[in-house]
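Quick notes on the structure that follows.
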There are 2 protein chains.
Amino acid sequence: MNKIDLRPYLEGRGLRRSLRRERVAEVFLNQKGHLTAEELLALVRRRDKKIGLATVYRTLKLLTDCGLAVERKFNRPVSTFEPLFPGRHHDHLICLGCGAIVEFENPSIEALQEEVALKHRFTASHHVLDLYGYCRKCRPKVSGSGKKP
Amino acid sequence: MNKIDLRPYLEGRGLRRSLRRERVAEVFLNQKGHLTAEELLALVRRRDKKIGLATVYRTLKLLTDCGLAVERKFNRPVSTFEPLFPGRHHDHLICLGCGAIVEFENPSIEALQEEVALKHRFTASHHVLDLYGYCRKCRPKVSGSGKKP
DNA sequence: TTTAGTGCAAACTCTTTGCAGCTAA
DNA sequence: TTAGCTGCAAAGAGTTTGCACTAAA
């Protein structure tokens, strides 16, 4: 169980610890997926029937401010949140057919990105790399043309 | 003036040409920025006072379906649209300070991405690479440490 | 006792859609 | 003449916020 102590993040902001906030954070930080606020709500409700959507949003915002989460909008209107662990990073392959999300890591790409930032005199903070396409199952049938893969 | 003929995209879809649609497409395809629907509406209204927001959205959707535009959601709730020209592609450096967007191209990164997709048996369609950071002017001052500007 | 946290519902923002009239084919 | 296109306004979807109550410090 990935127990993260929120206290250092709360202190200095005049924030209190609260049962519900800790619960949301715990459930969120202990999964690897890409959750929407609604999905996270459903997970937390297994343990706490009365928790509301607003609290989930508020906690996700807090975690994002603390650098413990990232908010992503893939190709849909809903935001997807993902836990962020220092030093670890991955990018995404997104299937335009079935919506599957595959994570990957590629140090060579990371290095090149660093180079690009440097060349433009940017202090790199983070990045987002999404490769969209079709997974093997969803590969569209090309009619007529003998288009090569 | 970058005049693109929409006919090949309209035919076969049972769609008609229309003055307003052509106008929206023309204005959109002849700028390089990253426009929201509202911003595009304002631009088009300079020439056509009566055009509505819905038409702009509908046309942007059409262009996106045709592969002539991409919809992006940087870190805000509004969608940003950008014209897409076949064979040309660039990525973005986004300054977290002033919001400046710098475009760059890097064939080595592109090649590596292709490799990644292949390795995961994805048919790559397009990708999104955003590098977030601080430009030279906005580089944050780190208090306490003697970090040089 | 003070003030932050919470659920609920209303408000907000962005985008899509239904409809009646307009227009290309 | 037929069916797609349009503006308008209303509806939707996702997220934020105001408020009265609860609970941490």
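In what follows, every heavy atom counts, from backbone to side chain, and hydrogens, waters and symmetry copies are set aside. Order of the sequence lines sets the chain letters (A, B, ...), proteins ahead of strands, with each chain counted from 1.
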| query | Do the side chains of A:Glu39 and A:Thr80 get nearer than 4.5 Å, heavy atoms only? | reply | no
| remark: What residues 63-73 of chain A contributes to the DNA chain D interface at heavy-atom separation below 4.0 Å is none
| message | Nearest whole Å is fine: how far is D:dT6 P from B:Arg58 CZ? | response | 7 Å
| query | What is the distance from CZ of B:Arg21 to C1' of D:dA3, rounded to the nearest Å? | reply | 13 Å
| remark: Closest non-hydrogen atoms of A:Arg21 and A:Leu62, given as atom of the first, atom of the second and distance, are CD-CD2, 3.5 Å
| query | So which of residues 7-15 of chain B are in contact with DNA chain C, with a heavy-atom cut-off of under 4.0 Å? | reply | none
| field | Heavy atoms from other residues, nucleotides or ligands near NZ of A:Lys73 exceed 12 (cutoff 6.0 Å) | value | yes
| Does any non-hydrogen side-chain atom of B:Glu103 lie less than 4.5 Å from one of B:Asp91? | no
| Within the structure shown, what part of the strands sits under 4.0 Å from B:Ser79 by heavy-atom distance: base, sugar-phosphate, or nothing? | sugar-phosphate
| message | Please check if the number of heavy atoms outside B:Arg45 that lie under 6.0 Å from its CZ is greater than 12. | response | yes
| request: May I ask you to check if A:Arg13 and A:Tyr9 form a cation-pi contact, with NZ or CZ under 6.0 angstrom from the six-membered ring centre and within 45° of the axis? | output: no
| Are A:Val70 and A:Leu129 linked, directly or through other ILVMFWY residues, by side chains that come within less than 4.5 angstrom of each other? | no
| task | Please state how far atom CD1 in A:Ile51 lies from atom P in D:dA23, giving the value in whole angstrom units. | result | 14 Å
| A:His126 and A:His89: aromatic ring centres closer than 6.0 Å? | no
| request: Rounded off to whole Å, could you give me the CZ-to-P distance for the A:Arg20 and D:dA24 pair? | output: 10 Å
| query | B:Tyr57 has an atom OH; how far is it from atom P of D:dC8, in whole Å? | reply | 16 Å
| message | Generate the contact string for nucleotides 20-25 of chain C. Rules: B means base contact, S means sugar-phosphate contact only, - means no protein heavy atom under 4.0 Å. | response | ----BS
| request: Would you please indicate if the ring centroids of B:His92 and B:Phe104 are separated by under 6.0 Å? | output: no
| query | Rounded to whole angstrom units, what separation is found between the CG atom of B:Leu6 and the P atom of D:dC5? | reply | 12 Å
| With a non-hydrogen cut-off below 4.0 angstrom, is B:Lys61 in contact with a base, only sugar-phosphate, or nothing? | nothing
| message | In this structure, how many angstroms lie between the P atom of D:dA24 and the CD atom of A:Glu22, rounded? | response | 11 Å
| note | Separation between CD (B:Glu115) and NZ (B:Lys119), nearest 0.5 Å, reads 7.0 Å
| task | Spell out, as yes or no, whether a donor-acceptor pair under 3.5 Å connects the side chain of A:Glu11 to the backbone of A:Pro8. | result | no
| request: May I have the distance from B:Glu39 (atom CD) to C:dT15 (atom P), rounded to whole angstrom? | output: 11 Å
